[in-house]
**Q** 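Mind having a look at this structure? Questions to follow.
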Amino acid sequence: MAEPILEVRDLTFSYEGFSTPVFRDISFSVSPGDIFVILGANGAGKSTLLNCMTGILTQYRGEILLHGRPLRQIPIRERALMMGYVPQVAVPTFNYTVRDYVVMGRAPHIGLLGTPSEEEYARADAAIREMGIEKLSSKLVTRISGGERQQVQIARVLTQGANLIILDEPTNHLDFGNQLKILDIIKSLSEQGLAIILTTHMPDHAILLDGRIGILDHTGHMTAGALRDVLTESALKQLYDTDLRLLHIDELGRDICVAVGRRKAP
Amino acid sequence: MSHRTKRWMLAGFAVVLVFVFLICLCVGRFYVPPLQTARILFNCLAEGIFHAPLEVTWNDSMESIILNVRFPRLLAAVLVGAGLSVSGAAYQGVFKNPLVSPDLLGVSAGATVGASLAILLGCASTLIQLSALAGGFLAVFITVSIPKLFRNNSSTMLVLAGIIIAGFMSSLQSLMKYIADPEVELSSIVFWTMGSLASIKMTDVLMVAPAMLAAFVAVIAMRWRVNLLSLGESEALSLGVHVSRVRGLLILCSTVLTACSVCMCGTIGWIGLVIPHFSRLIIGEDNRYMIPASVLLGASFMVIVDTFARNLTGSEIPLSIITGVLGTPVFIWLLKMQKVRVQ
């Protein structure tokens with residue numbers, strides 16, 4: 001197995017002034033080509049976990065190692081060269097063109113007083129081509145759809161040149177077609193050798209991505225492992241506190257997760 | 001609009017500034033023809049640098065009015081207009097909010113308190129300026145210290161601290177107005193808070209110009225970083241931006257620019273809000289072009305406003321009155337153009 005890019009060891013985090021930790025003793029690692037999907041109920045601490053990994057929260061116990069080095073000791077700019085982050089789709093406050101927005105991914109390669117050169121723009125254009133969104137290039141980021149904006153954000157993280165990409169609920173607020181499109185993109189990025197960590201509310205997305213899973217439960221424990229070991233009917237029932245079935249569809253050759261729905265009164 | 005077009009537009013704004021500056025030098029109760037004005041200015045250069053003075057086609061009073069009265073005054077107007085506009089532009093990017101002005105962290109309120117205190121103590125004008133400068137810096141220093149006290153690094157906390165300090169400072173200001181002698185001190189405090197360049201001298205300009213120029217250069221050099229900060233703290237951080245450091249540098253520069261402006265001419269409202277929006281409407285929201293555009297358009301606007309201030313009536317009109325009267329309709333028009341997104 002290849003050398004892990006990110007290693008999380010016994011990670012425990014509690015907010016200042018709170019005695020109960022949000023989560024405790026979380027351990028997992030991702031290597032090149034891995035997809036690690038984090039499932040968790042609302043408020044289970046998924047965002048807090050991502051914020052620890054991206055370096056926004058630093059008051060954690062345990063260790064986060066990026067390429068074998070403790071995350072806290074890596075300077076911000078160097079960290080950005082190794083790890084890219086795609087936030088949830090939101091409308092930006094200011095209006096930049098897609099091309100000017102994507103080129104911001106080159107920031108860790110440009111000095112404090114610098115502005116992007118033609119060469120940096122060439123890399124941005126390459127990422128825009130890779131996403132197949134050339135038509136959007138000169139449009140304003142506030143004037144494109146949510147699905148398009150997510151592709152633009154992924155193009156931006158690609159220009160950053162990091163080999164680990166963390167995505168926060170990348171399929172949120174997208175229509176059905178766009179959700180699958182984003183999953184396809186994530187899959188192909190991992191096939192190119194990038195390591196991917198993402199959070200989602202959709203068990204089906206975890207099944208489609210066919211990577212490794214971490215289920216963060218209400219007590220702050222995470223069960224991490226291979227898809228078929230971790231993503232079981234009973235685990236999902238408990239996680240979402242609802243009646244559901246994990247059914248195998250022969251035609252597709254995979255499982256799907258469906259809610260049982262409200263039963264008629266007898 | 002391509003980057004190339006935007007660069008040409010900036011060059012155009014620079015030409016507009018030079019043109020407006022020269023026209024306003026000529027205008028006044030004592031009219032000096034443009035050609036003479038240009039010759040007087042050019043003569044300074046020719047005499048000072050090349051030791052080859054031009055043939056004198058003007059009289060002494062023309063030279064004195066242009067060089068000793070109008071030139072320093074318009075130079076101050078350029079610095080103040082550009083300084084307040086660029087501070088507003090930088091703050092709007094840093095705080096991710098298109099509706100903030102350079103007074104956000106309490107710099108103007110602090111400077112006003114400093115100036116009022118010096119007026120109450122009967123200080124000379126230089127001391128009033130220095131006291132204003134100190135008051136402005138002190139207010140921002142307290143503001144940026146409050147989030148550190150709570151170990152909370154968010155910009156919301158900083159904005160809240162700014163509101164608190166500005167509120168405190170304005171109460172101190174009211175106290176000083178209350179105890180001031182209404183005949184002399186109160187009127188000069190009130191006049192000071194409305195802004196004027198009437199008594200500006202070249203020495204006043206030279207006192208603050210170096211610090212302001214350094215701050216201009218720094219903000220313009222960091223203008224692409226303002227784009228990155230405008231994405232929000234966590235996103236900027238993930239792009240490798242040392243958010244607290246860059247934000248701190250920009251706040252320092254904006255404070256220098258605003259405090260120096262206020263110490264030269266008192267407080268002037270609206271310009272720091274209206275000019276960045278106007279620039280955005282014309283050249284787009286990319287700070288790489290918007291910030292230089294704010295410098296140039298803010299300077300031109302202030303030069304025009306000051307020319308109105310000294311020529312509209314027999315006596316000087318305070319600058320804030322004119323910027324407010326001109327600025328608010330412009331802002332309504334900007335809202336109508338839907339370039340200011342209010343949700």
Side-chain angles (χ1 to χ4, degrees), chain A residues 16 47 50-51 53-59 74-88 90-97 99-101 103-118 120-121 138 140-142 153 156-157 159-162 165-168, chain B residues 1-3 6 89 92-100 150-154 217-246 249-250 276-277 280-281 284-292 338-343:
Chain A
E16 215 178 300
S47 302
L50 288 194
N51 287 341
M53 288 190 280
T54 52
I56 293 168
L57 296 173
T58 51
Q59 301 304 312
I74 304 175
I76 292 167
R77 186 169 157 183
E78 215 178 311
R79 200 163 70 200
L81 293 171
M82 300 191 263
M83 176 167 64
Y85 173 65
V86 178
Q88 286 190 36
V91 183
T93 316
F94 292 101
N95 228 342
Y96 305 116
T97 66
R99 197 166 176 256
D100 287 331
Y101 184 84
V103 86
M104 292 192 203
R106 296 300 292 169
H109 303 263
I110 298 169
L112 176 65
L113 305 180
T115 55
S117 62
E118 285 305 313
E120 312 289 357
Y121 270 104
S138 57
L140 295 171
V141 282
T142 50
Q153 293 200 134
R156 189 183 73 185
V157 87
T159 62
Q160 216 169 314
I165 296 178
I166 297 176
L167 305 98
D168 190 6
Chain B
M1 215 188 313
S2 71
H3 290 265
K6 289 179 181 177
Q92 287 163 16
V94 169
F95 295 102
K96 232 182 99 179
N97 182 345
L99 297 175
V100 303
F150 300 117
R151 290 203 284 163
N152 180 334
N153 206 13
S154 74
V217 170
V219 175
I220 290 173
M222 286 191 288
R223 65 199 191 281
W224 191 60
R225 295 271 138 178
V226 179
N227 279 1
L228 296 171
L229 284 186
S230 77
L231 298 174
E233 286 156 69
S234 55
E235 242 178 289
L237 198 67
S238 81
L239 291 171
V241 179
H242 204 301
V243 174
S244 51
R245 191 181 295 165
V246 176
L249 274 172
L250 285 166
H277 279 288
R280 256 184 223 117
L281 179 70
E285 306 202 357
D286 187 338
N287 287 294
R288 270 176 291 173
Y289 302 101
M290 197 279 265
I291 283 182
Q338 292 188 323
K339 286 291 171 178
V340 184
R341 283 190 302 280
V342 183
Q343 271 130 15

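Every heavy atom of this structure was used, including side-chain atoms; hydrogens, water molecules and symmetry mates were not. By convention in this document, chain letters (A, B, ...) are assigned in the order of the sequence lines, proteins followed by strands, and residues within each chain are numbered from 1.
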**Q** Contact between B:R288 and A:D100 at the side-chain level, heavy atoms closer than 4.5 Å - yes or no?
**A** yes
**Q** Run B:S230 and A:Y96 through side chain to side chain donor-acceptor pair (under 3.5 Å) and show every step you take.
**A** CA-CA 11 Å; B:S230 77; A:Y96 305 116; 2.6 Å; yes
**Q** By a 4.5 Å heavy-atom criterion (distance strictly below it), what part of B:R151 contacts chain A: side chain, backbone, both, or neither?
**A** side chain
**Q** What part of A:E16 lies closer than 4.5 angstrom to a heavy atom of chain B: side chain, backbone, both or neither?
**A** side chain
**Q** Top residue by heavy-atom pair count (under 4.5 Å) with chain A, among B:V241, B:N97, B:N227?
**A** B:N227
**Q** Find the one option among A:A162, A:G84, A:P75, A:P87 whose heavy-atom pairs under 4.5 Å with chain B are most numerous.
**A** A:P87
**Q** Judged by atom type as modelled, is there a donor-acceptor pair below 3.5 Å linking the side chain of A:R79 to the main-chain atoms of B:S238?
**A** no
**Q** So what's closer than 4.5 Å to chain A heavy atoms on B:L231: side chain, backbone, both or neither?
**A** side chain
**Q** Side-chain contact test, heavy atoms from C-beta onward, threshold under 4.5 Å: evaluate it for B:L237 versus A:I56 and give yes or no.
**A** yes
**Q** Using a cut-off of under 4.5 Å on heavy-atom pairs, state which of B:N287, B:I220, B:V246, B:L239 scores highest against chain A.
**A** B:L239
**Q** Output the option from A:A80, A:P108, A:G114, A:P116 having the highest count of non-hydrogen pairs under 4.5 Å with chain B.
**A** A:P116
**Q** Hey, what do you get for CE (B:M222) to OG1 (A:T115), rounding to the nearest 0.5 Å?
**A** 14.0 Å
**Q** Is there side-chain contact between A:L112 and B:H242, with at least one heavy-atom pair below 4.5 Å?
**A** no
**Q** Quick one: what part of A:V141 sits under 4.5 Å from any heavy atom of chain B, side chain, backbone, both or neither?
**A** neither
**Q** Does some side-chain heavy atom of B:R280 sit less than 4.5 Å from a side-chain heavy atom of A:N95?
**A** no
**Q** Could you tell me if the side chain of A:F94 sits less than 4.5 Å from the side chain of B:M290, heavy atoms only?
**A** no
**Q** Quick check on A:I110 against chain B: is it the side chain, the backbone, both or neither that has a heavy atom closer than 4.5 Å?
**A** both
**Q** Chain A heavy atoms under 4.5 Å from B:L249: which part of the residue, side chain, backbone, both or neither?
**A** side chain
**Q** Name the member of A:S138, A:G105, A:G55, A:G111 that forms the most heavy-atom pairs with chain B at distances under 4.5 Å.
**A** A:G111
**Q** Kindly compute the distance separating OG1 (A:T142) from CD (B:E285), expressed to the nearest 0.5 Å.
**A** 7.0 Å
**Q** Drop me the distance from B:H3's NE2 to A:R99's CZ, to the nearest 0.5 angstrom.
**A** 6.0 Å
**Q** Could you have a look at A:L113, A:V86, A:T97 and say which one has the most heavy-atom pairs with chain B under 4.5 angstrom?
**A** A:L113
